[in-house]
Amino acid sequence: MKRALSFLFALLFVLAVLSSEASEPKRYSDGTYLVGSDIQPGLYRVELSSSFIPMGYIERLKGLSGEFEDIISNEMLLGDGYFEIPKGDKAVSLQVVEIYRIDLDTYRPEPGSEFSDGIYLVGYDILPGTYRVKLEDSGLGMGYTARLRAVRYDFDDIIANDVVTGDGYLEIKRADFAVKLQGVTLTPAK
């Protein structure tokens with residue numbers, strides 16, 4: 001009887017481990033990936049992969065010649081965030097980041113109350129409302145905020161943006177998809 005119970009517990013443990021591994025999304029790190037074969041179009045969570053170099057870089061590509069004209073869009077990230085790979089892109093290149101695909105129908109992060117460098121999804125990470133903007137001491141004396149309609153890193157993704165040279169306020173609207181922050185901290189205005 002003890003052997004049967006030991007075997008049953010071992011089997012349940014193995015099944016639990018396999019089940020948790022199956023639910024983990026595939027992660028992609030430094031390299032170039034062909035869209036449609038190596039990596040699929042969709043929305044991805046981006047995490048910086050180095051604490052030594054607190055920035056990462058992503059390119060969407062229409063070709064693989066290495067020439068400037070092959071770059072559809074690119075982004076230098078100073079914090080974690082999000083990135084969308086549209087259908088029709090040839091490839092994506094990642095440097096000092098790790099990305100994994102998310103589904104907004106099941107994605108449930110807890111909204112925070114203080115936000116700094118990064119890209120935040122409105123209604124998921126950050127709620128609509130008015131926020132106090134505090135300029136952080138970056139040595140440059142400026143920061144940046146952008147309200148975004150998408151995270152494809154296209155110029156057209158920007159609804160509104162601002163180079164911040166002092167403290168102030170930012171209203172995040174319900175229709176915004178995301179907010180990008182660099183060199184500032186947001187907290188809800190009282």
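Computation of the quantities below employed the complete heavy-atom set of this structure, encompassing side-chain atoms and omitting hydrogens, waters and symmetry-equivalent molecules. What you see is a predicted model, and the numbers here were worked out from it, not measured in a lab.
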Heavy-atom nearest pair, T32 first then D38, reads O-OD2, 4.5 Å
Tell me, please, which residues at least two apart from E67 pass side chain to side chain contact (heavy atoms under 4.5 Å, CB included). S65, E69
Cut-off 3.5 Å, no hydrogens considered: what does the side-chain donor-acceptor table look like for residues 89-99, sequence neighbours left out?
{"from": "D89", "atom 1": "OD1", "to": "R60", "atom 2": "NH2", "distance (Å)": "3.1"}
{"from": "D89", "atom 1": "OD2", "to": "R60", "atom 2": "NE", "distance (Å)": "2.5"}
{"from": "D89", "atom 1": "OD2", "to": "R60", "atom 2": "NH2", "distance (Å)": "3.4"}
{"from": "E98", "atom 1": "OE1", "to": "R27", "atom 2": "NH1", "distance (Å)": "2.7"}

Please test L64 against L34 for side-chain contact (heavy atoms from CB on, under 4.5 Å), starting from the C-alpha separation and ending with a verdict. CA-CA 9 Å; L64 299 169; L34 293 177; 3.6 Å; yes
Results of ring pair (Phe, Tyr, Trp, His ring centres under 6.0 Å) for Y28 - residues two or more places apart only: Y33
For E84 and Y82, test the side chains for any donor-to-acceptor distance below 3.5 angstrom and give the result as yes or no. no
With a cut-off of 3.5 Å and sequence neighbours excluded, list every side-chain donor-acceptor pair involving residues 110-117.
{"from": "D117", "atom 1": "OD1", "to": "G183", "atom 2": "N", "distance (Å)": "2.6"}

side-chain contact (heavy atoms from CB on, under 4.5 Å) between V179 and I172, worked out: CA-CA 8 Å; V179 177; I172 299 172; 3.7 Å; yes
Hey, could you give me the CG/CZ distance between D103 and R101, rounded to the nearest 0.5 Å? 8.0 Å
Heavy atoms only: give me the nearest P41-G36 pair and the separation to one decimal. CD-N, 4.5 Å
Min side-chain heavy-atom separation L121-L104 under 4.5 Å: yes
Rounded distance (nearest 0.5 Å) linking atom CG of D162 with atom CG of L170: 8.5 Å
Is there side-chain contact between I126 and Y131, with at least one heavy-atom pair below 4.5 Å? yes
Calculate, to the nearest 0.5 Å, the distance between atoms CD1 and CG belonging to I159 and D176 respectively. 4.0 Å
Residues R149, D157: salt bridge by 4.0 Å N-O rule: no
Going only through I, L, V, M, F, W and Y residues with side-chain contacts under 4.5 Å, is there a path from F155 to I72? no
Considering all heavy atoms of both residues, which atom of K173 and which atom of V122 are nearest to each other, and what is their separation? O-CG1, 3.8 Å
I'd like to know if K134 and D167 make a salt bridge, using a cut-off of under 4.0 Å between side-chain N and carboxylate O. no
For the atom pair CD1 (I102) and OH (Y44), what is the distance rounded to the nearest 0.5 Å? 10.5 Å
Would a 4.5 Å heavy-atom cut-off, applied to side chains only, mark D80 and R45 as touching? yes
Ignoring hydrogens and geometry beyond distance, is a side-chain donor-acceptor pair present between T185 and E136 at under 3.5 Å? yes
Answer yes if V164 and L186 sit in the same cluster of Ile, Leu, Val, Met, Phe, Trp and Tyr residues linked by side chain heavy atoms under 4.5 Å apart, and no otherwise. yes
Just how far is it from atom CD1 of I71 to atom NZ of K62, taken to the nearest 0.5 Å? 10.0 Å
Establish whether M55 and Y57 are linked, either directly or via other cluster members, by ILVMFWY side-chain heavy-atom contacts under 4.5 Å. yes
Crowded around R108 CZ? As in, over 12 foreign heavy atoms under 6.0 Å? yes
So, for V163 and M142, which heavy atoms are closest and what is the spacing to 0.1 Å? CG1-SD, 3.7 Å
Rounded to the nearest 0.5 Å, what separates atom CG in L48 from atom CG in L77? 6.5 Å
Same hydrophobic cluster for I58 and F177, using side-chain heavy-atom links shorter than 4.5 Å among ILVMFWY? yes
Contact between Y144 and N161 at the side-chain level, heavy atoms closer than 4.5 Å - yes or no? yes
Can you name the nearest heavy-atom pair linking L135 to G143, along with the distance? CD1-N, 3.4 Å
By side chain to side chain contact (heavy atoms under 4.5 Å, CB included) - contacts of P109 (at least two apart): Y107, Y124, D125
Do you know which two heavy atoms are closest between L148 and I119, and how far apart they sit? CD1-CG2, 4.5 Å
Results of ring pair (Phe, Tyr, Trp, His ring centres under 6.0 Å) for F83 - residues two or more places apart only: Y153
